[in-house]
Amino acid sequence: MKRTAIPQAIRDGDYPRLEPATVPQAQWPEFARKRLAVSLYIDGAAMKEIRLRTGMPSNEVNRNAARFCAMDDDGHYFGERALLEQARIVTYERHKPIGPKRSEQQGGLTGVLNLLLSEHAEIEAFMIDLLRTPGVVLNDDRGGLSFLIAKFYQALEKAGIAPPAWPFNTKHKGRTAIRKYLKALRAQFAVQYIHAHGDEVAMAHLATGTGHRRFIRAKRPFDCAQLDGHCIDAFFALRIEEAPGYYQWVVIDRIWLLSIIDAFSHAVLAYKLVLRSEVSASDVREVIAQACLGKWRPRALANTAYQYKPGAGLPSGVIEDCHGISFGVLFFDAHLSNLAKKITTTARSDFGFQVCIGPVGHFETRAEIERSFLEVARKVHGLMSSTGSHPHAGRAKDAEQKAVDFEVDLLLMEDAIDVMLANYNATPSEGLGLFSPLGCLEQFFRQGALIPTYSTEQRERLQADLTTRKATVRGSADSGRRPYIQLDRVHYTNEVLASDYGFVGMQLLIEVDNHDYRAVKAYLPNGECIGYLRAQGWWGEFKHTPAVRRKVNSLIRSGDLKLDEDSSPVQQLGDYFIRQGQAGVALSISREAATPEAGNRQPRKSRPERPYYLIQPDHDYGELPTPGHALNRFKP
């Protein structure tokens, strides 16, 4: 190789180098001699000097220099890779024609496939087009490679290749060489192949591990939050009280866990179990409100065998500074309930976050919350009533019957979910430097960092679980109809409103509790509160949600549901929803029917505070004991 033909990049030192430790010890002396000779040649040393220092003749120096400057199929220089023993820089090409071969004859077919492809270029073009064209889902578990091999034989027939030509003149029709070739071809066009023939999971994984950072990423707690829903894959039994003292077990097979987490610390901020087939915009708003303004409290557990870890819980109930905190960006998927105006416009304006909607089917945009859902799936799939991750994997035998036989009670499941998520927040993680999500947040707040919080006025206006609506007072002094308002086809009034006809025509601001629609709080235009307005008729007899009433009203309008006055409406609604397979709605009605009326509700007794065993920075503990002693613990 002439010196003038050496590329400038090689002269500038821009070529691949080998780590000396990777070169076999037996090849090192010869490799080092070739490397020195090529380096001297590139630097302009005379051939005589190179021969004296390396003992390599000039023709060998030129040959190694040409190999050194050769380029591979990807357009990169071989560099020091070409100096290794038996390193091949040119693909082997067969020139000898393919002759007849006996069925048991060994050898004599080296490079025959490459020769065939060079003579019939349309075969490789057909296979590349097949890999790139969208079609059926292909993978090795479903015989994807066998499908490609069958297509290769079809391409041979279209090209006019038939017995006794190769590969039909061999015992196994060249299947081993063809399989190796198709694997290499599939790897070469892997991205196009996955987009064309991969399943949803494969295409989602393809977007990860690229080495590129996200454009929007959390650099501190509460920069980004992620919200998503997870379908719990198991059967659960609901105990419905049909009459006083008589119960019936009803199986429900679709429950949604809706949760929101902090993307930096991976802490679960709030969650909700939805006993319906789909999540509504009201559910999404409730979780957002709980994450921003709610305060978590431990549940009174029915199963004492599964307890909270020391210090476990959601941030709003464990860390005082986490109450009333806002976040910058909310990530969620493109589900229709999340795209509702109540979320993208109203909730965004109320809580002050930006919205980032991820593409459909790409879980990697919310990788942190998907990791928490994985822990939920691991627990649920261990149940004897699990339905598995999909219809063909993990489904327990007679799962529906076992849910009743073993009384896999949904009420116990609610306790278990709360305990599991609370313990998840207190579990150390390698991704957080062996800190737990709560520990990561505590470290952050101890450094005195500033976090955007809501003012007192904003907290009062944005009370968790509450929404406001406007309603016009109706009534007439001429007809004697006392003043009232109407919400979802139900009249509301109280003594104050009903006794003053001056309210007629006035627009009131109504505060609605999404958990109890029996009574609403009313405010005059000047901000004065006139108390709770109670629902008139049988809708005021039992606790229910606005979603339940709207659903019942739609069934009544369509004629699917007819209520009579001979029996309790609670019983009629429960029976109807059980017959329709919506046991979750029936449970929400029957379980809350005996709840005291809104006006007679007594404040809940506060649970005793659990002892907190962590050393606090603002307490004086005196002389701390040596490790192994617990003298610094105090009694509640």
Side-chain angles (χ1 to χ4, degrees), residues 282 285-286 289 342 346 350 457 459-557 561-574 576 585 588-604:
S282 298
R285 179 185 170 87
E286 180 180 342
K342 183 179 292 187
T346 307
D350 289 342
E457 294 77 10
R459 294 188 188 186
E460 293 178 356
R461 185 175 62 87
L462 297 173
Q463 297 181 50
D465 299 337
L466 296 177
T467 58
T468 57
R469 298 172 59 180
K470 291 183 178 180
T472 302
V473 179
R474 301 179 183 180
S476 173
D478 296 335
S479 62
R481 298 184 63 186
R482 290 183 176 273
Y484 67 94
I485 65 170
Q486 180 170 316
L487 297 174
D488 291 320
R489 301 183 64 181
V490 175
H491 293 183
Y492 285 80
T493 189
N494 65 359
E495 293 82 358
V496 177
L497 181 63
S499 61
D500 191 346
Y501 283 90
F503 290 125
V504 176
M506 186 179 297
Q507 194 174 53
L508 304 182
L509 184 66
I510 305 301
E511 190 177 80
V512 179
D513 186 347
N514 283 326
H515 290 163
D516 192 348
Y517 210 15
R518 293 174 298 176
V520 296
K521 203 171 185 179
Y523 296 87
L524 299 178
N526 61 2
E528 180 184 353
C529 178
I530 61 173
Y532 282 96
L533 308 182
R534 298 184 181 182
Q536 306 301 299
W538 60 271
W539 277 113
E541 297 180 7
F542 64 97
K543 185 177 179 180
H544 61 280
T545 64
V548 169
R549 183 188 298 178
R550 295 184 189 114
K551 191 165 190 175
V552 171
N553 287 338
S554 65
L555 294 172
I556 293 176
R557 284 195 301 268
L561 174 62
K562 295 182 179 180
L563 300 179
D564 56 59
E565 299 179 355
D566 298 333
S567 59
S568 169
V570 177
Q571 179 65 40
Q572 296 180 65
L573 292 177
Y576 173 80
V585 180
S588 65
I589 295 176
S590 62
R591 185 167 61 176
E592 306 295 350
T595 305
E597 294 185 6
N600 301 327
R601 283 181 289 185
Q602 300 294 329
R604 294 191 306 175

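Start at 1 with the first residue, then count along the sequence. Since this is a predicted model, take the numbers as computed values, not measurements.
Qualifying side-chain contact (heavy atoms from CB on, under 4.5 Å) partners for Asn526, counting only residues two or more places apart in sequence or in other chains: Leu524, Glu528.
A donor-acceptor contact shorter than 3.5 Å links the side chain of Gln536 to the backbone of Arg534.
Here OG1 of Thr472 is found 11.0 Å from CE of Met506. Values are rounded to the nearest 0.5 Å. Residue Ile485 holds its CD1 atom at 8.5 Å from CZ of Arg469, rounded to the nearest 0.5 Å. For the atom pair CZ (Arg518) and CG (Asp513), the distance works out to 10.0 Å, reported to the nearest 0.5 Å.
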Distance-only check: which donor-acceptor pairs under 3.5 Å involve side-chain atoms of residues 494-502, not counting sequence neighbours?
| residue | atom | partner | partner atom | Å |
| --- | --- | --- | --- | --- |
| Asn494 | OD1 | Val496 | N | 3.3 |
| Asn494 | OD1 | Leu497 | N | 2.9 |
| Asn494 | ND2 | Ile530 | O | 3.0 |
| Asn494 | ND2 | Tyr532 | O | 3.1 |
| Ser499 | OG | Glu495 | O | 2.9 |
| Ser499 | OG | Val496 | O | 3.2 |
| Asp500 | OD1 | Gly502 | N | 2.8 |

Candidate pair Arg482 and Thr493, rule side-chain contact (heavy atoms from CB on, under 4.5 Å), full reasoning: CA-CA 9 Å; Arg482 290 183 176 273; Thr493 189; 6.0 Å; no
Run Tyr492 and Tyr517 through side-chain contact (heavy atoms from CB on, under 4.5 Å) and show every step you take. CA-CA 10 Å; Tyr492 285 80; Tyr517 210 15; 3.6 Å; yes
Could you please spell out the steps behind the side-chain contact (heavy atoms from CB on, under 4.5 Å) verdict for Asp350 and Arg285? CA-CA 10 Å; Asp350 289 342; Arg285 179 185 170 87; 3.2 Å; yes
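The two residues Tyr523 and Gly527 have their closest heavy-atom pair at CD2-O, 3.6 Å. The two residues Val504 and Pro483 have their closest heavy-atom pair at CG2-CG, 4.0 Å.
Residue pairs satisfying the salt bridge (charged side-chain N to carboxylate O under 4.0 Å, His left out) criterion with at least one member in residues 470-479, sequence neighbours excluded, are absent.
Heavy atoms from other residues, nucleotides or ligands lying under 6.0 Å from CZ of Arg489 number more than 12.
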